[in-house]
Amino acid sequence: MVLDSIVGVTGEMGLLGAGVVLMVAVALWLATTLAVRLRQTKNAQRAIESVGSGYWVLNARAEFIDVNAAYCRMVGYTRAQILSMSIADFEAVATQDGIRKQIGRILLKGQERFETRHKKSNGDWVELEITVTAVGKQQAIVYLRDISERKRAAIEINQLALFDPLTALPNRRLLQDRIEQALHNAARSKHHGALLFIDLDHFKTLNDTLGHAKGDDLLRQVAGRLVSCVREGDTVARFGGDEFVVVLARLCVDANEAAAEVKSIAIHILSQLARTFHLGDIDHTTTASIGISLFSNSALSLEDVLKQADLAMYKSKAAGRNTLHFFDPAMQVAIEARMALESDLRSALREQQLVLHYQPQTTSDRRITGAEALVRWQHPRLGLVLPARFIPLAEESGIIIQLGEWVLETACLQLVQWARQVHTADLVLAVNVSFRQLQQADFVEKVMAIVQRTGANPRRLKLELTESVLVSNIEDVIAKMSALKTRGVSFSLDDFGTGYSSLAYLSRLPIDQLKIDRTFVADMESSENAESICVAVISLARSLNLKVVAEGVETEAQFRLLTRVHRCEYVQGYLLGRPGPIADFNALLD
């Protein structure tokens with residue numbers, strides 16, 4: 001528009017007049033352009049201020065020309081103070097490539113973005129994202145955004161992902177990385193490393209009795225003591241629950257010397273953890289079991305060293321706790337054999353490899369009154385496996401629940417078979433019940449469901465319990481026994497005198513029979529003490545109106561002492577009949 005006017009005027013005026021007009025037009029155009037740019041700059045500044053971003057203008061020497069109020073708020077200085085300072089007064093020492101050093105390159109390149117920290121007037125630091133844009137070759141506009149919250153959030157996320165929130169120790173995820181680094185460094189440097197698997201002894205008891213808050217307090221204090229026991233560069237991590245892992249790096253090259261180093265540290269850990277812990281108003285003492293895996297330049301994996309240390313830790317548990325054990329390859333062989341046997345046992349239940357053998361129980365005149373059902377495993381490769389080999393494994397693995405139900409149902413079906421014949425209808429069948437079965441909340445319902453499903457007479461069923469059931473929650477045990485007793489099921493207390501014996505509890509238990517343990521019977525011919533114990537059990541049973549069975553009777557001398565001299569009513573043992581298949585038992589009845 002301005003140029004059109006100039007052309008029109010030039011046509012009517014002379015050259016001089018046209019020049020004057022042209023100068024005026026140019027001045028107007030420059031004023032208009034500067035006004036537009038000023039409005040745009042002010043609008044941009046207002047926009048920057050509105051979103052809270054800091055704003056600088058720098059010259060080619062990285063000196064402040066202008067700053068806005070938002071940046072003043074970020075660092076806690078006034079505008080006048082900032083303009084009298086240099087960028088070096090703000091930038092963190094750790095920032096090796098800040099604006100001051102980059103300004104020349106930025107002015108040539110045009111734009112740069114990076115993150116840095118600036119010091120505030122109170123000495124704190126603010127995390128900033130900086131965008132620098134060149135304006136010509138002499139000035140730069142700097143936009144500064146406070147990203148402190150984002151940084152803090154990132155740190156918190158990283159903390160949650162890699163560290164245990166309770167103890168602030170590395171968690172399992174970070175531990176795996178540290179172990180892999182230790183394995184790599186050991187292989188490269190030829191120095192040994194070690195992994196210590198640490199499990200607190202009886203921690204569940206603390207949680208159950210004093211509460212989880214006390215348990216958490218203990219775990220935090222344990223973490224602190226473990227950290228104090230190791231060297232800089234070593235790792236202490238919480239593996240989970242009450243389990244901790246220590247990774248020791250750069251031990252001696254010689255295996256024996258490295259083992260001595262680790263043992264010294266482990267002993268120190270045990271001594272520190274054995275000191276009293278102050279849990280608020282409670283003083284608590286604890287111990288730990290430690291398993292150690294030593295590694296060097298071998299081809300061990302992360303899983304290998306963890307498994308080895310875990311196996312060694314369980315060896316410490318089995319040895320009585322509050323001790324340490326190094327991994328021994330024999331442990332691996334044993335555990336693999338155990339795992340194979342456990343897998344086979346699970347298959348045995350599915351593939352019906354289990355069978356019941358029956359051992360007769362007789363009166364003092366050798367009349368068979370019933371039998372004890374004893375489980376056997378007809379293994380496809382190992383042959384007939386006796387219960388001593390697989391029942392403890394079944395208890396530990398939990399298979400005993402399913403196995404016990406199978407035994408009970410099979411026994412009840414046998415009772416049904418006996419009930420169909422006159423000469424076997426009155427036989428009583430004893431079935432062993434494990435402590436873990438009795439612990440189940442629905443134990444009574446399961447027993448009665450099997451009885452009803454099979455059609456067995458509950459008055460011909462006798463459940464044999466060991467004294468171990470009396471160790472925990474005796475009231476619950478009595479309630480379950482009483483519930484079954486009212487439905488006709490009877491009870492026998494097996495291995496009496498070898499476990500937890502309490503006359504007070506014995507008087508309350510709804511039992512019908514005591515069984516004298518075979519160890520006393522075996523020694524009664526040669527030991528007066530053993531014979532006295534047998535006599536005492538017989539007398540006790542008689543005074544409580546209980547029947548008494550002596551098991552393990554293998555000789556005529558034992559039989560005569562028990563039945564003729566001491567008037568024991570019932571006996572069981574090889575002398576009267578060995579455990580065998582149902583056909584063998586039935587043959588004894590003929």
Could you check whether R238 pairs with E243 (Lys NZ or Arg NE/NH1/NH2 to Asp/Glu carboxylate O, under 4.0 Å)?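 Salt bridge flag = no for E243 with R238.
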Hey, is K204 close enough to D242 for a salt bridge, meaning N to O under 4.0 Å?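 Between D242 and K204 there is no salt bridge, as every charged N stays at least 4.0 Å from the carboxylate O atoms.
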Determine whether more than 12 heavy atoms belonging to other residues, nucleotides or ligands lie under 6.0 Å from atom [atom1] of [X].
X: R567; atom1: CZ; value: no
X: E528; atom1: CD; value: no
X: R366; atom1: CZ; value: yes

Using the test side chain to side chain donor-acceptor pair (under 3.5 Å), find all partners of [X] that sit at least two apart in sequence or belong to another chain.
X: K315; value: none
X: N322; value: none
X: H566; value: E531
X: R420; value: none

Within the 3.5 Å criterion, strictly below it, is a donor on T167 or D164 matched to an acceptor on the partner's side chain? yes
Going by atom types only, do T205 and D208 share a side-chain donor-acceptor pair under 3.5 Å? no
The criterion is ring-ring contact (aromatic ring centres under 6.0 Å, His included); which residues satisfy it with [X], sequence neighbours excluded?
X: Y358; value: none
X: F520; value: none
X: F585; value: W418

Please enumerate all residues that pass salt bridge (Lys or Arg N to Asp or Glu O under 4.0 Å) together with [X], with sequence neighbours excluded.
X: D201; value: K317, R321
X: D512; value: K485
X: D177; value: none

Output side-chain donor-acceptor pairs under 3.5 Å for residues 444-453, partner residues at least two apart or in another chain, one line each.
residue : atom : partner : partner atom : Å
K446    : NZ   : E405    : OE2          : 3.0
R453    : NH2  : E409    : OE1          : 2.9

S492 side chain vs D494 backbone, donor-acceptor pair below 3.5 Å: no
Do Q353 and Q378 pass the side-chain hydrogen bond (donor to acceptor under 3.5 Å, both in side chains) test, and can you show the C-alpha distance, the side-chain angles, and the key distance before you say yes or no? CA-CA 5 Å; Q353 296 172 4; Q378 192 63 54; over 6 Å; no
Tell me, do F559 and V571 make a side-chain contact under 4.5 Å, heavy atoms counted? yes
With side-chain hydrogen bond (donor to acceptor under 3.5 Å, both in side chains) as the test, would you mind laying out the steps for N432 and E372 before giving the verdict? CA-CA 8 Å; N432 291 283; E372 180 178 358; 2.9 Å; yes
Just distance, no hydrogens or angles: give the donor-acceptor pairs under 3.5 Å from side chains in residues 547-555, sequence neighbours left out.
residue : atom : partner : partner atom : Å
E551    : OE1  : K515    : NZ           : 3.4
T555    : OG1  : E525    : OE2          : 3.1
T555    : OG1  : Q558    : N            : 3.1

So, F197 versus F239, ring centres under 6.0 angstrom or not? yes
Please step through side-chain hydrogen bond (donor to acceptor under 3.5 Å, both in side chains) for the pair D217 and Q221, ending with a clear verdict. CA-CA 6 Å; D217 191 6; Q221 292 188 45; 3.2 Å; yes
Step by step, work out the side chain to side chain contact (heavy atoms under 4.5 Å, CB included) result for R460 and D426. CA-CA 7 Å; R460 297 289 174 259; D426 292 333; 3.4 Å; yes
